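Report on one structure; see the data block that follows.
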Amino acid sequence: MKINGGRYEIWDGFTLELPRSLHFEYGNIYKLVGGNGSGKTSFINRLLLPALRENWDERYLLVLQQQMFRQLYVIKAHAALSKYPVPIRTERDAVNYMLHDLEQAQAKAPRPVFAILDESPTPDKFISALRSRKEPFCAVFCSHNQIIISDLNYIGFEKAGTSGSMVHEINV
Amino acid sequence: MQKLPLNNETLYCDASRPFITQDLLREELALYNISPERLSFLYRDYARITGKEITPDSRITELSGGQKVMLMAMLALYSPASSIRFVDLHISLDSANRELISGIIERFAVEKNIFLDSSK
């Protein structure tokens with residue numbers, strides 16, 4: 001999956017500039033790195049998700065939104081309709097349900113998994129669950145907390161004043 | 001359950017759901033009862049800290065996750081609430097903003113009871 005290089009106007013007065021195209025490949029985990037307001041969530045919502053929605057049925061798309069309390073209602077409703085036996089009260093319950101749903105969906109029709117975890121409290125749990133499965137997966141996450149996950153690729157968001165950020169791969 | 005007297009009520013601020021409303025800042029402001037004078041200090045401080053100018057007509061959906069949490073915290077601190085409980089306040093904040101908000105909380109702690117909690 002590729003996001004072309006270029007200058008993207010995200011909001012009026014806020015742009016993301018990609019000097020080079022970014023490639024997201026199965027088998028890799030990408031951490032988005034940058035301060036508050038550098039455009040990580042905007043990149044996910046305005047560039048990555050629309051690109052992934054093309055040919056959406058080719059993959060299982062797993063998205064955990066930042067400050068996901070509204071998404072929590074949707075997950076609760078989905079779980080109720082699926083007759084999931086455990087009550088969903090917290091983000092952690094929702095994470096468990098999403099992993100359960102992934103299990104069920106992959107048992108019916110295995111597909112590669114693309115996971116996006118925007119400030120999820122437990123990206124390590126998701127990623128270790130994905131690593132234990134046999135389908136190929138790609139994960140993109142951001143977090144300001146100390147999380148130990150091996151073999152990461154980094155994409156940096158460098159603020160250029162308040163008008164936008166430069167987005168590029170970081171070689172570690 | 002014992003009912004707490006009115007002056008012991010605590011403003012509860014959960015950083016995983018920083019705003020009740022979903023559109024203009026003026027709608028969220030209606031919940032906080034902040035005087036116009038204190039509001040102008042809040043706008044000035046917020047712009048100094050985040051680099052983001054806000055007005056009552058700002059769309060809160062255009063703030064980043066961390067900027068939302070910073071604004072929620074400042075709305076609570078500048079409000080007349082004498083007791084505030086923050087939950088997971090630091091979760092969406094980068095290290096610079098964690099330090100900044102800790103400094104602001106320290107400043108307000110002389111006039112308010114402030115509790116920092118974690119949902120874990």
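All values reported here derive from a predicted model rather than from experimental measurement. Per chain, numbering begins at 1; letters A, B, ... match sequence-line order.
Surrounding CZ of R107(B) are more than 12 heavy atoms belonging to other residues, nucleotides or ligands, all under 6.0 Å away. Atom CZ of F69(A) has more than 12 heavy atoms from other residues, nucleotides or ligands within 6.0 Å. Within a 6.0 Å sphere centred on CD of E106(B), other residues, nucleotides and ligands contribute 12 heavy atoms or fewer. Atom CZ of R89(A) is surrounded by 12 or fewer heavy atoms from other residues, nucleotides or ligands within 6.0 Å. The number of heavy atoms from other shown groups lying within 6.0 Å of CD (E53(B)) does not exceed 12. In the displayed structure, R131(A) atom CZ is contacted under 6.0 Å by more than 12 heavy atoms of other residues, nucleotides or ligands.
Looking only at side-chain heavy atoms (C-beta outward), N145(A) and I91(B) come within less than 4.5 Å of each other. Between Q67(A) and V69(B), some side-chain heavy-atom pair lies under the 4.5 Å cut-off. Within the 4.5 Å cutoff, the side chain of H90(B) has no heavy atoms near those of the H144(A) side chain.
With chain B as partner, the option from N36(A), I10(A), T41(A) having the largest number of non-hydrogen pairs under 4.5 angstrom is N36(A). The most heavy-atom pairs under 4.5 Å with chain A, out of A15(B), S92(B), S64(B), come from S92(B). Put simply, of G37(A), C142(A), S42(A), S38(A), the one with the most heavy-atom pairs under 4.5 Å next to chain B is G37(A).
The contact between L93(B) and chain A is made by backbone and side chain atoms together, counting heavy-atom distances below 4.5 Å.
F14(A) and M70(B) sit in two unconnected hydrophobic clusters of ILVMFWY residues. Membership requires side-chain heavy atoms under 4.5 Å apart, directly or through other members. Hydrophobic clustering, with ILVMFWY side chains joined whenever heavy atoms are under 4.5 angstrom apart, keeps F86(B) apart from F115(B).
Between Q66(A) atom CD and K68(B) atom NZ the span is 6.5 Å, to the nearest 0.5 Å. The CG atom of L63(B) sits 9.5 Å away from the CH2 atom of W11(A) when rounded to the nearest 0.5 Å. Atom CD in E119(A) sits 12.0 Å away from atom OG in S16(B) (nearest 0.5 Å).
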Q: Evaluate side-chain contact (heavy atoms from CB on, under 4.5 Å) for Q22(B) paired with R70(A), printing each intermediate quantity in order.
A: CA-CA 11 Å; Q22(B) 261 293 66; R70(A) 288 190 172 84; 3.2 Å; yes

